[in-house]
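I have placed the structure first, in the form of structure tokens, so that the comments after it can refer back to it.
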Amino acid sequence: MKLLVCGGAGFIGSTFARQRVLEHGDRVTVYDKLTYAGREENLQALSGHAGFRFVKGAIEDAATLAVTLEEERPDAIVNFAAETHVDRSIAEPDAFVRTHALGTYVLLEAARERELRYLQVSTDEVYGSIEVGTFTEESPLHPSSPYSATKTGADLLVQSYFHTYGLPVTICRGSNNYGPYQYPEKLIPLMILNALHGDPLPVYGDGMQVRNWIHAADFSRAIGHVLEHGELGEVYNAGGPDEEANMDVVRRIVELTGASESLIEHVVDRPGHDRRYSLSSEKVRALGWEPQVRFEQGLAETIDWYRENEDWWRPIRSGEYLAYYERQYGRALQS
Ligand code: NAD
Ligand code: DAU
């Protein structure tokens with residue numbers, strides 16, 4: 001397949017691009033705006049590969065997108081491009097509206113004009129919080145943050161292009177991802193790097209919120225599976241095999257890094273904090289996908305990756321992230 005992978009310089013998009021080029025022999029063009037979260041170094045393994053090209057461009061920029069599509073003539077667009085951090089959406093929602101609403105619309109129009117397959121990468125957060133049980137694809141949509149509300153809007157727009165224009169779309173909704181190359185604003189890499197540096201570990205509220213963890217390699221495989229085998233117009237959930245309370249995740253990281261438990265600090269809770277996410281993945285399992293990585297093993301390997309890849313995180317941890325951290329947590333990183 002020839003794929004245009006939007007947002008492919010980010011954490012999950014770059015994992016997907018590596019998988020598709022190196023394991024499936026696809027031709028992949030990554031199209032990415034390179035926000036603070038988009039990093040070309042995430043694609044280093046593909047640099048110089050005949051099946052790979054990088055184009056800097058925003059999904060809302062119809063002109064650059066049109067030139068890229070003319071040059072590449074892909075079979076499908078896979079859209080990972082998004083603003084992805086809930087806390088940033090609470091502090092500054094505007095980029096979330098622009099990318100998720102306008103950006104998705106521009107991509108859909110480009111796909112419609114050229115009759116391209118379109119896969120939207122989405123999230124379990126569109127369903128909101130669930131105290132007991134699990135969400136299926138039929139569950140009502142109850143997003144709670146500007147991040148999840150704008151992602152929900154994008155999903156609805158994608159579905160409208162199927163119903164109205166017959167655009168061949170699918171949507172794949174993932175649970176919380178973890179693994180190498182994740183920007184350190186997210187819970188797991190933030191706690192790993194703080195633990196390795198002896199910085200405090202800021203747990204929001206009581207830390208008993210539950211997340212359904214999936215390794216980014218497993219989620220990427222699910223997306224590839226839906227692209228190849230999914231029924232057009234359908235939504236597929238892809239949840240990880242393990243659920244954990246945040247406090248348990250942080251305690252595991254403390255143990256595996258050899259840090260002191262005294263670094264754990266309960267800080268003011270996230271406004272509108274969703275208590276629990278949980279996804280049923282029966283529908284994508286019926287297509288033949290299964291998650292391969294259990295959390296215990298994946299977390300230990302992820303910690304090893306951060307230990308061994310200081311070259312990757314050092315420029316991030318001493319750049320934009322420093323100012324963000326101080327704004328968000330009201331304190332500077334000490335080291
Ligand atoms: P990320 O923040 O690491 O990467 C996002 C990428 O999108 C970056 O490379 C960024 O430069 C690019 N981007 C942002 N706005 C853009 C625009 N307007 N035009 C072009 N490129 C743009 O995100 P991630 O964690 O890899 O998430 C990827 C996708 O998966 C997102 O759609 C997200 O909603 C979804 N998702 C993430 C998770 C998770 O736990 N991280 C779980 C489920 C679904
Ligand atoms: O569920 C899928 C979603 O998972 C994706 O759609 C989002 O893009 C992704 O960011 C993630 O959202 P969360 O809000 O669940 O992830 P985050 O890593 O920000 O937080 C995970 C949990 O940890 C959440 O309950 C908040 C808590 N937390 C987070 C941070 C950054 C803390 O207690 N302290 C922190 O410093």
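Numbering of ligands and ligand atoms starts at 1, following listing order. Note that these values count all heavy atoms, side chains included, but never hydrogens, waters or copies made by symmetry. Along the sequence shown, residues are numbered consecutively beginning with 1.
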| ligand 1 to F11 polar contact by distance, N or O atoms, under 3.5 Å | yes
| remark: Counting from 1 in the order shown, the ligand 1 atoms closer than 4.0 Å to a non-hydrogen atom of G57 are 20 (C)
| note | In terms of its nearest heavy atom to atom 34 (O) of ligand 1, the top option of F96, Y147, F80, Y31 is Y147
| message | Under 4.0 Å from a heavy atom of A81: which atoms of ligand 1 are those, numbered in the order shown and with their elements? | response | 7 (O), 20 (C), 21 (N), 22 (C)
| task | Over all heavy atoms of both residues, which pair between L232 and P168 is shortest? Give the atoms and the distance, please. | result | CD1-CB, 3.6 Å
| query | Which protein non-hydrogen atom lies closest to atom 21 (C) of ligand 2, naming both residue and atom, and how far is it? | reply | L187 CB, 3.8 Å
| T99 to ligand 1: N or O pair under 3.5 Å? | yes
| Any N or O on N176 sitting closer than 3.5 Å to an N or O of ligand 1? | no
| remark: Honestly, for T35 the part within reach of ligand 1 (heavy atoms, under 4.0 Å) is both
| Are any of the heavy atoms in Y183 under 4.0 Å away from ligand 1? | no
| said: Counting the benzene-type ring for Trp, do F16 and F219 have ring centres under 6.0 Å apart? | reply: no
| request: Heavy-atom distances under 4.0 Å are what count here, so tell me which part of Y181 touches ligand 1: side chain, backbone, both or neither. | output: neither
| Got a sec, which residues hit side chain to side chain donor-acceptor pair (under 3.5 Å) with Y147, two or more places apart in sequence or on another chain? | none
| said: When you measure from the heavy atoms of S122 to every atom of ligand 1, does any distance fall below 4.0 Å? | reply: yes
| query | What atoms of ligand 2 come closer than 4.0 angstrom to any heavy atom of Y329? | reply | 30 (C), 31 (C), 35 (C), 36 (O)
| said: Students should be able to answer this: which protein heavy-atom is nearest to atom 8 (O) of ligand 2, and at what distance? | reply: T84 O, 2.8 Å
| query | Are Y36 and ligand 1 in contact, using a heavy-atom cut-off of under 4.0 Å? | reply | no
| Measuring from the heavy atoms of S14, does anything fall under 4.0 Å of ligand 1? | no
| message | Out of all atoms in ligand 1, which are within 4.0 Å of some heavy atom of V121? Include the element for each. | response | 29 (C), 30 (O), 32 (O), 35 (C)
| message | Which residue in the set Y324, Y183, Y36 passes side-chain hydrogen bond (donor to acceptor under 3.5 Å, both in side chains) when paired with H85? | response | Y324
| request: Identify, by atom number and element, the atoms of ligand 2 in contact range of H273, meaning under 4.0 Å from any of its heavy atoms. | output: 24 (C), 25 (O), 26 (C)
| query | Which option, H85, E185, R173, K186, owns the non-hydrogen atom nearest atom 10 (O) of ligand 2? | reply | K186
| query | Is ligand 1 under 4.0 Å from a heavy atom in the side chain of R39, in the backbone, in both, or in neither? | reply | neither
| query | For ligand 1, does S175 get within less than 4.0 Å through its side chain, its backbone, both, or neither, judged by non-hydrogen atoms? | reply | backbone
| request: Could you tell me whether K151 and E125 have a side-chain N and a carboxylate O separated by less than 4.0 Å? | output: no
| remark: Check: of T84, L187, L107, min heavy-atom distance to atom 23 (O) of ligand 1 comes from T84
| query | Looking only at protein heavy atoms, which one is nearest to atom 19 (O) of ligand 2, and how far off is it? | reply | R270 NH2, 2.9 Å
| query | Is it the case that R270 places NZ or CZ above or below the six-membered ring of Y204, under 6.0 angstrom from the centre and within 45 degrees of the axis? | reply | no
| request: For V203, counting its heavy atoms only, list the atoms of ligand 2 lying under 4.0 Å from any of them. | output: 33 (O)
| note | Within the 4.0 Å heavy-atom cut-off, what L34 brings close to ligand 1 is backbone
| said: Could you identify the single nearest non-hydrogen protein atom to atom 34 (N) of ligand 2 and state the distance to 0.1 Å? | reply: P202 O, 2.8 Å
| field | Part of V86 with heavy atoms under 4.0 Å of ligand 2, whether side chain, backbone, both or neither | value | side chain
| query | Does E290 pair with R221 as a salt bridge, N-O distance under 4.0 Å? | reply | no
| task | Can you figure out which of D269, L190, N176 has its heavy atom closest to atom 16 (O) of ligand 2? | result | N176
| Pairing of R317 and D199 as salt bridge, 4.0 angstrom limit | yes
| task | Give the residue and atom name of whichever protein heavy atom lies nearest to atom 19 (N) of ligand 1, and the separation in Å to one decimal. | result | I59 N, 2.9 Å
| query | Purely on distance, is any nitrogen or oxygen of R211 under 3.5 Å from one on ligand 2? | reply | yes
| query | Given the rule in the salt bridge (charged side-chain N to carboxylate O under 4.0 Å, His left out) test, do E137 and R173 qualify, once you have shown the distances and angles that lead to the verdict? | reply | CA-CA 9 Å; E137 291 80 358; R173 294 183 178 141; over 6 Å; no
| Option nearest atom 7 (O) of ligand 1 (shortest heavy-atom distance, choices G10, S220, C172, A82) | A82
| message | Below the 3.5 angstrom mark, is there an N/O of A58, backbone or side chain, next to an N/O of ligand 1? | response | no
| field | Protein contact to atom 23 (O) of ligand 2 [nearest heavy atom, distance to 0.1 Å] | value | N246 ND2, 3.3 Å
| remark: ligand 2 atoms nearer than 4.0 angstrom to some heavy atom of Y277 are 1 (O), 15 (O)
| Between K186 and ligand 1, does any nitrogen or oxygen pair lie at a separation below 3.5 Å? | no
| Nearest neighbour of atom 30 (C) of ligand 2 from the list Y204, F11, Y127, on a heavy-atom basis | Y204
| query | Who's the nearest protein heavy-atom neighbour of atom 18 (N) of ligand 1, and how far? | reply | E60 OE1, 2.8 Å
| Heavy-atom contact under 4.0 Å between K151 and ligand 2? | no
| task | For ligand 1, find out whether one of its N or O atoms is nearer than 3.5 Å to an N or O atom of T123. | result | no
| field | For ligand 1, the portion of C6 having any non-hydrogen atom under 4.0 Å away | value | neither
| said: Considering both backbone and side-chain atoms of N79, is one of its nitrogen or oxygen atoms within less than 3.5 Å of a nitrogen or oxygen in ligand 1? | reply: no
| salt bridge (charged side-chain N to carboxylate O under 4.0 Å, His left out) between E83 and R88, intermediate numbers included | CA-CA 9 Å; E83 294 289 337; R88 291 192 197 242; over 6 Å; no
| field | Trace of the ring pair (Phe, Tyr, Trp, His ring centres under 6.0 Å) decision for Y236 with W289 | value | CA-CA 11 Å; Y236 293 87; W289 171 87; over 10 Å; no
| Among Y147, F219, Y178, which one has a heavy atom closest to atom 6 (O) of ligand 2? | Y147
| note | At under 4.0 Å between heavy atoms, what of D124 touches ligand 2? The answer is side chain
| remark: shortest atom 3 (C) of ligand 2-to-protein heavy-atom contact is with E125 OE2, 2.9 Å
| said: Tell me the contacting part of R173 for ligand 1: side chain, backbone, both, or neither, using a 4.0 Å heavy-atom threshold, strictly below. | reply: neither
| request: May I ask you to check whether N177 has an N/O atom sitting below 3.5 Å from an N/O atom of ligand 1? | output: yes
